[in-house]
There are 2 protein chains.
Amino acid sequence: MQALREPHGHDVATRQEPGRTARSIATDALAEDDALHLPGRISSFARGNEIYAEGSAMDHLYRVVSGAVRICKVMADGRRQIVEFSVAGDTFGLDGLAAHGFSAEAITATTLVCYPRRQLEEAVRQGGRVARLVERMTLNRLVAAQNCIVMLGRKTAQERVASFLLEMCQRTTLANAGVLMLPMSRYDIADHLGLTVETVSRVLGALRREGAIALADAHNLRVLDRGRLRALSEDRV
Amino acid sequence: MQALREPHGHDVATRQEPGRTARSIATDALAEDDALHLPGRISSFARGNEIYAEGSAMDHLYRVVSGAVRICKVMADGRRQIVEFSVAGDTFGLDGLAAHGFSAEAITATTLVCYPRRQLEEAVRQGGRVARLVERMTLNRLVAAQNCIVMLGRKTAQERVASFLLEMCQRTTLANAGVLMLPMSRYDIADHLGLTVETVSRVLGALRREGAIALADAHNLRVLDRGRLRALSEDRV
DNA sequence: CGTTCTTTTGAGACTTATCAAGGATAGTGG
DNA sequence: CCACTATCCTTGATAAGTCTCAAAAGAACG
């Protein structure tokens, strides 16, 4: 059983950066989104802060402008599962029926555009482009979630890490020299892949030793042998 | 690593009932669906037959009238993951972008209503009730998939089986005397929970011995101690 | 510049998978 | 209708992958 642990004496359930108040540097402004063409409010969150809590009212759709977000659930005993990461360009916020089924937290300093759900539903009721966009968006996330299910249900630790790296390569714009910047910690990666930090670290170490990847530091890596990762990932990413 | 196996000499990838032609007893008729109010065609499938294949054109939405369906993906080496079961009242069929990302197979003799996707998209474009229904439907499935992710990522074998039993209790109408009828095999359950047949069988045996459930036969069980299952499942179903 | 958190690495334990085999079940064919 | 046969289900013994516990080096932050 994947145990709850308190690495060096702090609680897993509240594993986040110290000494910040919630929504500490939230700034508000208005924005017109390219894709949705709906009025939205700009909002910023500091690293580690909660964007919404599990069980709170689900009244906004969010789009990530910059930064990264984790959507997760924490079980009663502290075990955590991150169901998805949202990076620049991704949308999130519709993850329940009436209330949020998951919580959302900023991984790094993050800027979002928030769309009131009421206006969104009104747009859906009206039909047209927005209705199809929202439908398409939700379907995209469903497909992603189902691929995640395959990964968690049937892949080994090595295959999960390989899949994850390839997915992140696709979803983020690589820095010059093809460097992949991973904003999240090893803990976050572990809690997304259904593994422990130690296993994630060991697998990354093994991939480095066999020359599949190169690690500049913990958060910046380069894929040297994409074929090797694709062979491991077992799907055609 | 969860290996492919050929239990008693038949291939895992084609594990289905023998001596049937595809879509053998498919019958067609017209129907007006209560919920969608769209014209649909009635179609039937014999036990074990494929409804659609991974990679085929995604041009219908299906609603289960009777029977049960598994939505799954089979990896190159035969490992299989069932991402969801669909029972009477459930809809399925939208599981990819252009093409199906998964395959669908009838678990037992199954009757479906099929709605052409073109008409559905036209209805979404028009907006109104159907647009919101489709959106709500997809969102429901996304939430279910994300809960499945939590289960696969962070729950023990016992917790997974308990969660599964409770979920099936909620989703199917129990027979008289509160008997839960599970149409799928232990193999199907295992491939849905990310376990092996043996582990599923062992956990069910343990739950039976401790008095949480009673097994009439392999496919008919009664929940005796729901509190125990809920404690194990770790979520509030 | 100390403190806290993160990352890595090692040794051992444990859950679940694998291999094996007998018994139960359900369609199949005579 | 009953025996046949393929598949499914269960149980046991062993193996393996990953987790747990422990500790030290490295990075981030105030």
Side-chain angles (χ1 to χ4, degrees), chain A residues 1-12 14-20 46-48 79 107-109 152-161 182-191 193-209 215-221, chain B residues 1-12 14-20 46-48 79 107-109 152-161 182-191 193-209 215-221:
Chain A
M1 169 169 160
Q2 156 74 13
L4 66 162
R5 249 178 319 169
E6 308 193 1
H8 298 266
H10 71 298
D11 195 321
V12 168
T14 58
R15 181 197 298 145
Q16 53 175 244
E17 288 60 31
R20 301 283 177 78
R47 176 180 172 195
R79 280 175 284 176
I107 292 174
T108 59
L152 293 172
R154 288 299 177 221
K155 289 188 184 176
T156 65
Q158 213 174 25
E159 291 169 343
R160 294 182 201 192
V161 172
L182 296 174
M184 67 291 289
S185 72
R186 298 284 187 266
Y187 282 95
D188 289 334
I189 297 175
D191 285 346
L193 301 183
L195 301 170
T196 57
V197 213
E198 294 94 330
T199 299
V200 170
S201 184
R202 273 187 256 270
V203 169
L204 285 172
L207 288 175
R208 178 180 52 71
R209 273 189 296 281
L215 288 161
D217 63 76
H219 294 278
N220 290 282
L221 66 81
Chain B
M1 170 170 162
Q2 156 74 10
L4 67 160
R5 251 178 320 164
E6 309 193 359
H8 300 265
H10 71 297
D11 195 320
V12 168
T14 58
R15 179 196 301 148
Q16 53 174 245
E17 289 60 32
R20 301 283 177 78
R47 176 180 170 194
R79 279 175 284 176
I107 292 174
T108 59
L152 293 172
R154 286 300 175 222
K155 290 188 186 178
T156 66
Q158 213 174 25
E159 292 169 343
R160 293 182 202 192
V161 172
L182 296 173
M184 67 290 289
S185 72
R186 298 284 188 266
Y187 283 95
D188 288 334
I189 297 176
D191 285 347
L193 301 183
L195 301 170
T196 58
V197 212
E198 294 94 331
T199 299
V200 171
S201 185
R202 272 187 255 270
V203 169
L204 285 172
L207 289 176
R208 179 179 52 69
R209 274 189 295 282
L215 289 160
D217 62 77
H219 294 279
N220 289 283
L221 66 81

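Note that these values count all heavy atoms, side chains included, but never hydrogens, waters or copies made by symmetry. In what follows, chains carry the letters A, B, and so on, assigned in the order in which the sequence lines appear, proteins first and then strands, with residues in each chain numbered from 1.
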Rounded distance (Å) that lies between atom P of C:dT16 and atom CG of B:L152
13 Å
Name the residue closer to the 5' end of DNA chain D, choosing between A:D217 and B:V200 according to the nucleotide with the nearest heavy atom.
B:V200
Rounded to whole Å, CG of A:L182 lies from P of C:dT6 at a distance of 16 Å
CG of A:L207 versus C1' of C:dT8: gap in Å, rounded?
15 Å
Of the listed C:dT8, D:dC19, D:dC9, the closest approach to the A:T196 side chain comes from D:dC19
Listed by chain and number, what are the side chain to side chain contact (heavy atoms under 4.5 Å, CB included) partners of A:T199, not counting sequence neighbours?
A:A157, A:L195, A:T196, A:V203
Distance-minimising heavy-atom pair for B:R47 and B:I107:
CG-O, 3.2 Å
Nearest-angstrom distance from the residue atom CD of B:E159 to P of C:dT16:
9 Å
Quick one: does B:R79's side chain have a donor or acceptor within less than 3.5 Å of a partner on A:K155's backbone?
no
In the structure I gave you, are the side-chain heavy atoms of B:R160 and B:L152 within less than 4.5 Å of one another anywhere?
yes
Compare side-chain N and O positions of A:H219 against OP1 and OP2 of D:dA27 and report whether any pair is under 4.0 Å apart.
no
In the structure I gave you, are the side-chain heavy atoms of B:R154 and A:D191 within less than 4.5 Å of one another anywhere?
yes
What residue among A:I189, A:T156, A:L207 forms side chain to side chain contact (heavy atoms under 4.5 Å, CB included) with A:V161?
A:L207
All side chain to side chain contact (heavy atoms under 4.5 Å, CB included) counterparts of B:R202, not counting sequence neighbours
B:E198
What is the distance, to the nearest angstrom, from the CZ atom on A:R47 to the C1' atom on D:dA28?
7 Å
Please give, in whole Å, the distance from D:dC9 P to B:N220 CG?
12 Å
B:L215 atom CG is separated from C:dT25 atom C1', nearest whole Å, by 15 Å
Atom pair distance, as rounded to whole Å: CZ in B:R186 and P in C:dA26
12 Å
Enumerate all atom pairs, one protein N or O and one N or O from nucleotides 11-15 of chain D, separated by less than 3.5 Å.
residue	atom	partner	partner atom	Å
D:dG12	N7	B:R202	NH1	2.9
D:dG12	O6	B:R202	NH2	3.4
D:dA13	N6	B:R202	NH2	3.4

